[in-house]
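What you are looking at is a predicted structure, and each value in this text was computed from that prediction instead of being measured. Numbers restart at 1 for each chain; the letters A, B, ... are given by sequence-line order, proteins then strands. As a basis for the values below, the full set of heavy atoms in this structure was taken, side chains included, without hydrogen atoms, waters or symmetry mates.
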Protein chains: 4
Amino acid sequence: MPPPDADQPVRTTGDTTADHRRGPRRRGQELEEAILAATIEELAEVGYARLTMERVAARARTGKATLYRRWPGLAELVVDACAIRDASDADLPDTGALRTDVLAALRLISGQLAGPRGDVLRGLLPEFVRDPDFARAIREKVDTAGPGAIKQALRRGVDRGEIEAWLPDSRRATVAVDLLRNHFLLHGAPIADDVITDIVDDVYLPLLLAPRSGRDTER
Amino acid sequence: MPPPDADQPVRTTGDTTADHRRGPRRRGQELEEAILAATIEELAEVGYARLTMERVAARARTGKATLYRRWPGLAELVVDACAIRDASDADLPDTGALRTDVLAALRLISGQLAGPRGDVLRGLLPEFVRDPDFARAIREKVDTAGPGAIKQALRRGVDRGEIEAWLPDSRRATVAVDLLRNHFLLHGAPIADDVITDIVDDVYLPLLLAPRSGRDTER
Amino acid sequence: MPPPDADQPVRTTGDTTADHRRGPRRRGQELEEAILAATIEELAEVGYARLTMERVAARARTGKATLYRRWPGLAELVVDACAIRDASDADLPDTGALRTDVLAALRLISGQLAGPRGDVLRGLLPEFVRDPDFARAIREKVDTAGPGAIKQALRRGVDRGEIEAWLPDSRRATVAVDLLRNHFLLHGAPIADDVITDIVDDVYLPLLLAPRSGRDTER
Amino acid sequence: MPPPDADQPVRTTGDTTADHRRGPRRRGQELEEAILAATIEELAEVGYARLTMERVAARARTGKATLYRRWPGLAELVVDACAIRDASDADLPDTGALRTDVLAALRLISGQLAGPRGDVLRGLLPEFVRDPDFARAIREKVDTAGPGAIKQALRRGVDRGEIEAWLPDSRRATVAVDLLRNHFLLHGAPIADDVITDIVDDVYLPLLLAPRSGRDTER
DNA sequence: CTCTAAACGAGACGGTACGTCCAGTCTTCGG
DNA sequence: CCGAAGACTGGACGTACCGTCTCGTTTAGAG
């Protein structure tokens with residue numbers, strides 16, 4: 001009973017194992033892109049929770065060591081894979097009023113969280129403990145779309161005279177996005193639209209219109 | 001709560017327990033408590049990320065099957081284990097002013113998140129996708145301490161005439177806790193104290209004092 | 001999240017578990033027969049290799065403890081279960097000649113080995129190491145049909161004057177069955193008929209007709 | 001069946017690090033031999049019945065996956081492990097007479113069956129049902145020593161004129177070994193010496209001297 | 001005809017082993 | 001010589017049974 005051993009002494013031909021399914025071996029850029037694409041596909045198929053280095057490597061038809069040489073772990077790989085597809089921070093149309101601009105911005109963010117990116121965000125949170133630098137990198141990506149769109153809306157509000165000029169750079173500015181994100185993390189997607197309107201009408205707009213406290217500082 | 005050594009030689013009952021073996025086999029309530037205690041200990045020692053059924057079973061001196069008979073997976077076990085240690089919603093001292101009461105409440109919550117419970121909270125978020133019922137169970141536990149303490153502070157504020165009566169049950173009430181939690185999830189513990197004072201002075205108090213919008217409803 | 005605990009402190013009613021459509025509880029003889037029957041059925045369905053106490057108990061609608069109260073282990077249970085169905089050693093028809101009588105006897109045994117009994121025989125062999133007494137018990141059952149039928153055939157041969165009178169009780173008598181069993185153990189069932197005829201014509205009959213050696217003794 | 005070796009070219013024999021605690025990671029040939037050795041040791045220590053993949057892996061200081069990558073299950077592993085130590089079929093001394101030659105051969109086989117190989121043989125029999133190919137592989141190993149030694153004895157007997165020339169290749173030739181094996185499987189080891197002499201004097205020699213039946217054919 | 005002790009059924013308990021999957025590391029060998 | 005491919009160590013997974021034990025329920029059989 002011969003074990004399924006690969007090392008036959010008489011290997012007459014450069015056969016089987018050498019059959020490259022990819023002709024010339026992929027390297028550098030090409031290989032990296034293939035890996036990131038495989039990561040995205042896996043992510044869409046099985047979700048972040050079931051994502052493994054093993055499966056990504058298999059789908060990319062490469063070895064795990066190739067992944068580890070480029071990324072310290074799964075989390076970092078995923079961050080890169082998502083970054084590639086960012087493209088976001090699209091300009092929001094000017095709806096003519098602060099309230100509707102803000103609503104539009106929140107709905108945009110809500111939509112993004114409902115996709116695999118939201119899944120990833122949740123999955124990455126536990127990793128934040130490991131490495132503060134990593135955590136910061138994630139936060140920057142996460143916060144890309146959110147504050148950008150909101151800040152734009154606030155600036156328009158300032159221009160229209162709806163709110164005071166110091167607000168877009170104050171601690172109050174991010175409250176809407178923070179609450180939205182908090183709701184997503186606890187309740188998941190999709191986020192019901194009245195949650196968004198509640199945040200805007202019951203909290204965010206009143207807050208923006210509330211008088212500046214003595215302590216309130218620009219940031 | 002002292003480390004509940006369930007089966008120690010003390011066992012007062014009539015049998016002459018030299019306790020060579022495990023003594024009388026643990027069952028039901030007693031066994032369950034031993035398991036939950038073991039879970040807590042493991043959690044404190046290695047953290048949620050490194051928690052395994054195998055180690056919990058070993059520490060509780062039982063078999064994995066006994067765990068799986070009671071909980072579908074690690075996540076549910078941990079939820080139960082944390083719940084047991086709630087000791088929650090401890091009464092906060094009346095400091096005489098809304099601001100200081102709120103600060104005290106947030107600092108209490110912040111302290112809880114800095115412990116293993118915060119670790120657990122982060123670790124559990126990815127599981128929410130699996131099962132909405134499970135997610136709800138977690139949220140209830142997570143929200144135990146927070147809104148309770150805050151609501152108490154707000155009621156005292158109403159009694160003192162600092163804020164209006166409808167606020168403790170409005171959407172605005174939870175904003176401080178939501179922002180705190182959001183900060184914890186993104187930045188981790190410990191939460192710097194000026195983050196807390198910023199939330200209170202720049203956002204929460206102004207919001208509580210802001211006029212009620214037409215849409216604002218009690219909840 | 002209350003675990004599914006059974007031991008409530010206040011169990012007011014003799015509830016649920018008592019609703020057994022199994023009217024009178026079986027005991028003693030009746031129960032034992034039900035267990036043995038269940039063993040046989042399992043044996044026929046899944047074979048000896050996959051037989052477990054757990055499944056037998058479940059099929060017999062009893063508890064494992066009831067099995068262990070009666071038999072030390074699976075092997076002994078199976079031995080009993082097979083014994084119950086022995087009934088065999090059926091009289092073989094007198095075909096009028098030694099050769100055909102012997103062939104008929106071997107074919108009878110071959111048929112038995114092809115059924116679950118053969119499966120059992122193989123499965124039990126490793127157990128022989130454990131306990132010599134157990135081994136002897138098995139051997140007696142195994143040898144029941146074989147030597148009985150063969151000896152009958154030999155006696156008829158003596159009566160007809162075909163062979164000498166000392167042969168039915170000599171070491172030579174069992175050779176045919178021994179060879180047949182050996183073939184079964186190594187090659188399994190079904191046993192090709194020319195194996196049987198080879199044994200008879202090339203070995204057994206020549207052996208029976210060979211002159212008694214000086215050393216040959218009755219046994 | 002020694003697995004074909006692989007790495008002649010580079011592997012200089014001086015390989016200092018036979019110590020695999022922290023030495024270079026074992027692969028291919030070297031690893032395989034370590035596993036088979038561990039199997040043999042376990043076999044000798046606890047016997048086939050208590051042999052587990054888990055323990056073999058632990059003793060070989062490798063993981064179970066490495067075992068399963070090479071062998072489908074315990075049975076196949078054991079077969080290979082035993083095969084490696086075969087080396088047998090040693091030449092038997094010419095004692096000058098057929099009877100003593102045969103006795104020597106049977107005693108050799110008896111000795112082998114009394115060791116762990118006999119244990120293994122019994123343990124493997126139940127597996128024969130699974131896979132006929134597997135069964136054949138075993139039989140070949142099992143029959144290695146037996147017929148070889150016996151056939152040698154018979155050929156010498158022919159040369160001396162003690163028996164007829166057609167016998168070494170006839171069905172009668174294997175009868176002694178078959179009976180011995182049958183006795184071992186039912187009664188276990190050690191095999192009493194008078195069982196062997198009985199087989200030889202009461203059955204085998206008379207059979208070899210019995211006249212050829214018309215049907216007797218060479219094989 | 002009670003009352004009691006044993007047997008029954010059900011299944012939990014502390015374990016062992018299964019066969020699989022994956023994390024990271026290390027070796028080999030092709031380009 | 002670099003680096004792609006993949007084998008290796010190690011460990012946890014969740015399941016199946018083992019043989020024991022506990023718990024309540026029947027049911028004989030003794031008083």
Side-chain angles (χ1 to χ4, degrees), chain A residues 6-7 14 17-18 20 22 24-28 31 50-58 60-70 72-74, chain B residues 21-22 24-28 31 50-58 60-70 72-74, chain C residues 6-7 11 14-18 20 22-28 31 50-55 57-58 60-70 72-74, chain D residues 6-7 10 20 22 24-28 30-31 50-55 57-58 60-70 72-74:
Chain A
D7 316 278
T17 48
H20 298 300
R22 275 271 169 267
R25 188 183 277 184
R26 296 162 301 169
R27 293 181 154 245
L31 178 57
R50 297 189 197 284
L51 200 65
T52 67
M53 289 300 242
E54 197 109 18
R55 293 173 64 100
V56 171
R61 300 190 197 196
T62 183
K64 284 188 290 180
T66 303
L67 304 190
Y68 282 106
R69 194 175 302 120
R70 291 158 196 272
L74 188 54
Chain B
R21 316 166 188 192
R22 298 290 131 73
R25 193 178 278 183
R26 298 164 298 173
R27 295 172 63 85
L31 175 58
R50 297 189 199 284
L51 200 64
T52 68
M53 289 298 241
E54 202 110 18
R55 291 174 63 99
V56 171
R61 288 208 239 96
T62 184
K64 283 188 292 178
T66 301
L67 303 191
Y68 283 107
R69 198 177 297 125
R70 290 157 193 274
L74 191 53
Chain C
D7 313 276
R11 180 167 292 280
D15 61 354
T16 54
T17 50
H20 278 319
R22 223 60 177 131
R25 189 177 278 183
R26 297 161 299 171
R27 309 188 122 235
L31 177 57
R50 298 189 197 282
L51 200 65
T52 68
M53 290 299 241
E54 203 112 17
R55 293 173 64 100
R61 300 193 197 186
T62 185
K64 283 189 291 179
T66 302
L67 303 191
Y68 282 105
R69 199 176 297 125
R70 290 157 195 273
L74 190 53
Chain D
D7 30 21
V10 190
H20 43 265
R22 280 283 171 252
R25 192 177 280 185
R26 298 161 297 168
R27 295 172 63 85
E30 183 189 357
L31 176 58
R50 295 189 200 283
L51 199 65
T52 68
M53 289 298 240
E54 203 111 18
R55 292 174 63 99
R61 299 185 205 215
T62 183
K64 282 189 290 179
T66 301
L67 303 191
Y68 283 106
R69 198 177 298 125
R70 290 157 193 276
L74 191 53

Grab the CZ-P distance between A/Arg70 and F/dC2 for me, whole Å please. 15 Å
Enter the distance from D/Arg61:CZ to D/Thr66:OG1 here, rounded to the nearest 0.5 Å. 15.0 Å
What's the separation between atom CG in A/Leu67 and atom CE in A/Met53, rounded to the nearest 0.5 Å? 5.0 Å
Looking at residues at least two apart in the chain, or sitting in another chain, which of them share a side chain to side chain contact (heavy atoms under 4.5 Å, CB included) with B/Ala65? B/Arg69
Taking the side chain as every heavy atom from C-beta outward, state whether D/Leu51 and D/Arg55 have any pair of such atoms under 4.5 Å apart. no
Can you tell me the distance, in whole Å, between the CG atom of C/Leu67 and the P atom of F/dC21? 17 Å
How does protein contact run along nucleotides 13-19 of chain F, one letter per nucleotide 5' to 3', with B for base contact, S for sugar-phosphate only, - for none, heavy atoms under 4.0 Å? BBB-BBB
Within the structure, does a side-chain N or O atom of C/Thr62 lie under 4.0 Å from either OP1 or OP2 of E/dG9? yes
Minimum-distance pair of heavy atoms, taken over all atoms of B/Gly63 and B/Ala57: C-CB, 4.0 Å
Check the distance between E/dA6's P and C/Leu31's CG and give it to me in whole angstrom. 18 Å
Distance col, row A/Glu54:CD vs A/Leu74:CG, nearest 0.5 angstrom, shows 12.0 Å
